[in-house]
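Inspection log for the structure reproduced underneath, given as structure tokens.
Chain letters run A, B, ... following the sequence lines, proteins first and then strands; every chain starts at 1.
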Number of protein chains: 2
Amino acid sequence: MAQDRRIRKTRQILKQSLISIMKEKSIKHITVKEICEKADINRGTFYLHYKDVYDMFEQIETEFFNQLKAVLDSYHKQNIRLEDTHLEPLFSFLLENKDFCIVMLSVHGDMSFTKQLLNYLYERIVTVYGKDSSKLEHYYFFVIYGCVGLISNWLNTDTKETPVQMAQLAEDVILNGIRKYL
Amino acid sequence: MAQDRRIRKTRQILKQSLISIMKEKSIKHITVKEICEKADINRGTFYLHYKDVYDMFEQIETEFFNQLKAVLDSYHKQNIRLEDTHLEPLFSFLLENKDFCIVMLSVHGDMSFTKQLLNYLYERIVTVYGKDSSKLEHYYFFVIYGCVGLISNWLNTDTKETPVQMAQLAEDVILNGIRKYL
DNA sequence: TCAATTAATGAACTTAGTGTTGATTTTCAA
DNA sequence: TTGAAAATCAACACTAAGTTCATTAATTGA
């Protein structure tokens with residue numbers, strides 16, 4: 001992070017520009033020219049940082065998941081306890097990056113973001129519940145996708161629940177299903 | 001469907017070409033030129049049918065979901081029973097279009113496919129379980145995403161379970177969670 | 001089977017964004 | 001303050017997009 005301020009600033013502005021445009025259209029239709037015009041950055045400057053739009057997109061995504069991993073790994077190393085709130089730090093982190101996540105999980109987002117989130121959840125659930133039979137695999141997939149759904153809905157409504165509440169809610173529906181709520 | 005044979009043929013070849021290319025790369029990177037070269041179709045012909053790659057993609061997707069809707073609606077109209085296999089016709093239809101669905105649900109696929117599948121599942125679950133409080137919303141989102149996860153994992157493994165078995169599995173984990181399997 | 005219709009082809013063309021270069025200006029860190 | 005590095009600007013060749021039109025081929029249905 002000990003970077004030239006100009007570099008940080010340029011990338012930050014370009015990132016905001018891309019996210020902003022992605023609220024309106026899919027990445028497929030977004031051009032370098034468009035990103036730079038909105039950011040009021042010279043197009044040549046863009047190429048000093050990124051190969052093309054997708055390269056930029058990937059770098060932003062990678063940065064996000066590196067951050068996520070760093071934050072959560074350090075947390076979980078101190079707390080191996082199998083609580084019903086073990087997903088809380090994840091929900092917290094996603095809430096802190098709410099706007100970004102909403103776009104990435106939207107129809108204009110990218111499958112790779114969702115897939116990476118699923119990967120994280122998979123690792124988490126294996127850590128917590130273990131990996132015995134391959135029979136469990138289907139259930140695990142149900143559950144990790146389910147969590148993404150929960151996250152998506154939570155972020156897109158008013159986010160009125162706290163991360164702790166959401167973690168408990170997730171844990172409850174994972175373990176017990178929805179029967180009692182019907 | 002009472003179309004000129006040439007039209008059907010051209011579109012079919014272009015579709016195969018697109019799906020085939022999508023196995024290797026994301027739709028973002030696919031050009032009209034590339035699709036036409038693989039299909040050995042004149043590039044001008046492409047534009048007689050589609051506006052651009054995304055338009056083509058959307059049309060294929062729309063066609064798929066129209067078919068899905070037609071097949072399943074007619075089925076459900078005769079069977080309003082709330083069985084634990086009410087998702088069976090969906091699983092059957094997806095299995096019949098296995099290759100297509102695998103690509104669309106993969107990292108090279110598009111969010112809109114997943115979203116449309118989610119929409120269908122949402123309608124289904126509301127029909128079956130009702131829509132009382134908004135409190136249920138989170139649970140419903142968990143469940144519909146969970147089903148997509150189940151579908152994805154099922155199609156990408158050996159598809160050894162039958163659609164009926166998958167429907168029962170889904171219903172079970174929706175209602176009762178995974179506690180008993182741990 | 002034939003005639004009218006319609007789709008596909010091929011070539012030419014404009015347009016627009018891409019990615020690069022090199023000279024110049026601005027900003028930064030130490 | 002100064003040397004280093006980043007951002008700007010203008011110019012460039014290049015590639016795919018999208019359109020047009022004359023020509024060829026295939027289809028339908030009478």
Would you mind reading off the distance between B/Arg8 atom CZ and C/dT6 atom C1', rounded to a whole angstrom?
14 Å

Residues B/Tyr50, B/Phe57; criterion ring-ring contact (aromatic ring centres under 6.0 Å, His included); working and verdict
CA-CA 9 Å; B/Tyr50 308 109; B/Phe57 185 82; over 10 Å; no

Of the options C/dG17, C/dA8, D/dG18, whose atoms approach the side-chain atoms of B/Asp52 most closely?
D/dG18

Between D/dA16, C/dA8, C/dT20, which nucleotide has the shortest distance from any of its atoms to the side chain of A/Tyr47?
C/dT20

Minimum-distance nucleotide to B/Thr10 side chain [options: C/dT9, C/dC28, C/dA8]:
C/dA8

Side chain of B/Asn42 only, heavy atoms from C-beta on: which candidate in D/dT8, C/dT9, D/dA6 is closest?
C/dT9

Tell me: CG of A/Asp40 to P of D/dA7, nearest whole Å?
14 Å

Take A/Arg11 and B/Gly44, find for each the nucleotide of DNA chain D with the closest heavy atom, and name the residue whose nucleotide sits nearer the 5' end.
A/Arg11

Using atom CD1 of A/Ile35 as one end and atom C1' of C/dA16 as the other, report the distance to the nearest whole Å.
16 Å

Among the candidates C/dG19, C/dA7, C/dT26, find the nucleotide nearest to the side-chain atoms of A/Arg6.
C/dT26

Quick one, A/Ile125 and A/Ile144 - any side-chain contact, counting heavy atoms below 4.5 Å?
yes

Atom CD of A/Gln3 and atom P of D/dA5 are separated, to the nearest Å, by 14 Å

Check the phosphate of C/dA8 against B/His49, side-chain N and O only, distance under 4.0 Å to OP1 or OP2. Yes or no?
yes

Would you indicate what A/Thr45 reaches in the nucleic acid, counting non-hydrogen atoms under 4.0 angstrom: base, sugar-phosphate, or nothing?
base

OH of B/Tyr50 versus C1' of D/dA17: gap in Å, rounded?
18 Å

Quick note, B/Val32 side chain, CB onward, closest among D/dT8, D/dT27, D/dA17 is D/dA17

What does A/Arg5 touch in the nucleic acid at a heavy-atom separation under 4.0 angstrom: a base, only the sugar-phosphate, or nothing?
sugar-phosphate

I need the NE2-C1' distance between A/His29 and C/dG17, as an integer number of Å.
14 Å

A/Leu48 has an atom CG; how far is it from atom P of D/dC9, in whole Å?
13 Å

Taking for B/Lys9 and for B/Lys51 the nucleotide of DNA chain D with the nearest heavy atom, the one nearer the 5' end belongs to B/Lys51

Does B/Lys28 form a salt bridge (charged side-chain N to carboxylate O under 4.0 Å, His left out) with A/Asp52? I'd like the steps, not just the answer.
CA-CA 12 Å; B/Lys28 301 175 294 196; A/Asp52 54 35; over 6 Å; no

Does the distance from a Lys or Arg side-chain N to an Asp or Glu carboxylate O, for A/Lys33 and A/Glu37, drop under 4.0 Å?
yes

Please work out which of the three classes, parallel, tilted or perpendicular, describes the rings of B/Phe100 and B/Phe113, given edges at 30° and 60°.
perpendicular

From D/dA11, D/dA17, D/dA7, pick the nucleotide closest to the side chain of A/Arg43?
D/dA11

Report the distance from atom CZ of B/Phe46 to atom P of C/dT9, rounded to the nearest whole Å.
13 Å

Which nucleotide in the list D/dT8, C/dT18, C/dA8 gets nearest to the side chain of A/Ile41?
D/dT8

Step by step, would you call B/Glu34 with B/His29 a side chain to side chain donor-acceptor pair (under 3.5 Å)?
CA-CA 10 Å; B/Glu34 192 178 5; B/His29 300 286; over 6 Å; no

